[in-house]
S.K.: 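Structure incoming, see below.
Throughout, numbering of the chain's residues begins at 1 and tracks the sequence. These numbers come from a predicted model, not from an experiment.
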Amino acid sequence: MPASKPCSPGGASAGDTATADQLRPRMNGPRLGRRISGNNVCCARVIVNAVRSRGLPVRAAVIAVTTAITETSLNNYTEAVDHDSLGLFQQRPSQGWGSPAQLTDPVYATNAFLNAMLRKYPNNGWMTGDIGAICQRVQVSAVPDAYGREVHDAQLLADALWSGSGRTLTGRLADINGDGRVDLLARFPDGNLYVYPGTGRSGTETFGERYQVGIGWNEATAITVADINGDGRADILARFPDGNLYVYPGTGKSGTETFGERYQVGIGWNEATAITVADINGDGRADILARFPDGNLYVYPGTGKSGTETFGERYQVGIGWNDATAITVADINGDGRVDLLARFPDGNLYVYPGTGKSGTETFGERYQVGIGWNDATAITVADINGDGRVDLLARFPDGNLYVYPGTGKSGTETFGGRYQVGIGWNEATAIT
């Protein structure tokens, strides 16, 4: 077998392995089928997230995953065997697909495939017709009928990953009830914790009638949500005044059973002045991004382990962040990497794009995406309207809650004209 490398730096997550175990009995394709592993799912997840980040529908993910199963059984090959073909899609540097380093970067390779598909099928022609034939037209394979045999398995993978943990890791809002829509988690002065479920509608019907998921949350000094343990469900990460950090795992149940018994994942977190969670290093696991009083910014990488080993040794990704008055993370620019969104005292809003590198090169040169944001009393991000782009959710002093939808554009056009999704939110002491 040719040499290969993982599609994410840390390899398959626990969630990837669980997805493989869940789908294996239903897989029947000749290239992968019931031999599917967590590493294969990891590669499919990267493909699906790259598709969703571009705002394309799930059919594009099915086409891309079908192609990768057929070409490599979802392995990221770094050694060429068939001419100079490399990576998940067996794209060739000699035919202009990209450099060897680019073609073995699954995010780049997926986008190169999608670019070719969109070029060969203008006006969304790929949205109809035989998927195997579409794959063949993009790839120009010597075995044109091979793709159609893998569509079934690709559909299973795309459907599972489209509504699964990938969404949880895109921002600080999360799909708490597991219906594929982003929900809002809010705490109030009496310590009660509520979920406002996403409805798939717009305007003031964006979030439905709340239901209670917890009591006694007054003391938590930081609350955020993400799939920390990799099981595909949204968990709560919370800090308390003693500096202890806990995970409350999602259970898949509802009401006050939505989150299970907590377990400790850290100590000594009193000094952190900002805590947020996302898959920053691209390995499929939730990482912590934290700022401290000296202005230094650190990532604590998810390890796939549990308890106090849930997060590994921190590494520095920034300096001089004292002035930021809001920090949150999501894939704002749609390139498949997590970006940092920050507000400063002058009200300006900036994106620091994820680069795919590490250390102090984790985030690139900032660009401005907004002005006049001083008044917002809460800022968070997620794909709220379900179009595949990250939106901004903001609360203002009058208690009104607005969504600023992602547009797929850049600069000050990154977010579009706002629309109201709620009133009377002044009393919420945490929104995530």
Side-chain angles (χ1 to χ4, degrees), residues 8-10 49-50 52-53 107 165-175 182 184-185 222-228 234-239 245 269 272-292 295-302 311 314-319 321 324-344 349-370 373 376 378-384 388-394 404 406 414-415 430-432:
S8 291
N49 285 347
R52 186 165 48 204
S53 294
V107 174
S165 62
R167 178 179 291 275
T168 300
L169 295 176
T170 60
R172 291 187 57 214
L173 296 181
D175 175 18
V182 168
L184 195 154
L185 181 72
I223 297 173
T224 190
V225 283
D227 179 16
I228 307 289
D235 313 310
I236 293 177
L237 179 73
R239 180 188 62 187
L245 205 60
W269 280 83
T273 56
I275 297 174
T276 189
V277 180
D279 178 18
I280 294 168
N281 60 15
D283 66 355
R285 302 181 179 106
D287 312 311
I288 293 177
L289 179 73
R291 180 188 62 187
F292 289 86
N296 288 341
L297 206 60
Y298 294 91
V299 166
Y300 294 73
F311 299 101
R314 73 181 188 179
Y315 57 90
Q316 191 167 352
V317 296
I319 60 174
W321 280 86
T325 56
I327 296 174
T328 189
V329 283
D331 179 16
I332 308 288
N333 60 15
D335 67 354
R337 301 184 176 102
V338 169
D339 312 311
L340 193 156
L341 180 72
R343 180 188 63 187
F344 289 87
L349 204 61
Y350 294 92
V351 166
Y352 295 72
T355 63
K357 302 177 182 178
S358 60
T360 54
E361 294 185 332
T362 298
F363 299 105
E365 186 174 356
R366 74 181 187 179
Y367 58 91
Q368 191 168 352
V369 296
W373 280 86
I379 296 174
T380 189
V381 283
D383 178 17
I384 296 168
R389 302 183 179 102
V390 170
D391 312 311
L392 194 154
L393 179 75
Y404 295 72
T414 297
F415 299 105
I431 297 175
T432 186

S.K.: So, the side chain of R343 versus the backbone of A376: is there a donor-acceptor pair under 3.5 Å, distance only?
M.R.: yes

S.K.: Shortest non-hydrogen contact from D331 to R337?
M.R.: OD1-O, 2.8 Å

S.K.: May I ask you to test the Y315-N281 pair for a side-chain heavy-atom distance under 4.5 Å?
M.R.: yes

S.K.: Are D175 and V182 side-chain neighbours, meaning at least one heavy-atom pair lies under 4.5 Å?
M.R.: no

S.K.: Is V369 close to L392 at the side-chain level, that is, under 4.5 Å between some pair of heavy atoms?
M.R.: no

S.K.: State the CG-CZ distance between N296 and R291, to the nearest 0.5 angstrom.
M.R.: 11.0 Å

S.K.: Within this structure, what is the CZ-CH2 distance for the pair F344 and W321, rounded to the nearest 0.5 Å?
M.R.: 5.0 Å

S.K.: Does a side-chain heavy-atom distance below 4.5 Å link L349 with Y404?
M.R.: no

S.K.: Could you pull out the closest heavy-atom pair between F311 and A286, with the gap in Å?
M.R.: CE2-O, 3.4 Å

S.K.: Hey, does the side chain of T355 reach the backbone of G364 with a donor-acceptor pair shorter than 3.5 angstrom?
M.R.: no

S.K.: Does any N or O in the side chain of R366 come within less than 3.5 Å of the main-chain N or O of A342, such that one atom is a donor and the other an acceptor?
M.R.: no

S.K.: With a 4.5 Å limit on heavy-atom distance, are the side chains of I379 and L393 in contact?
M.R.: no

S.K.: Within this structure, what is the CD1-CG distance for the pair I332 and D391, rounded to the nearest 0.5 Å?
M.R.: 9.5 Å

S.K.: Do you know the tightest heavy-atom contact between V381 and A330?
M.R.: CG2-CB, 3.7 Å

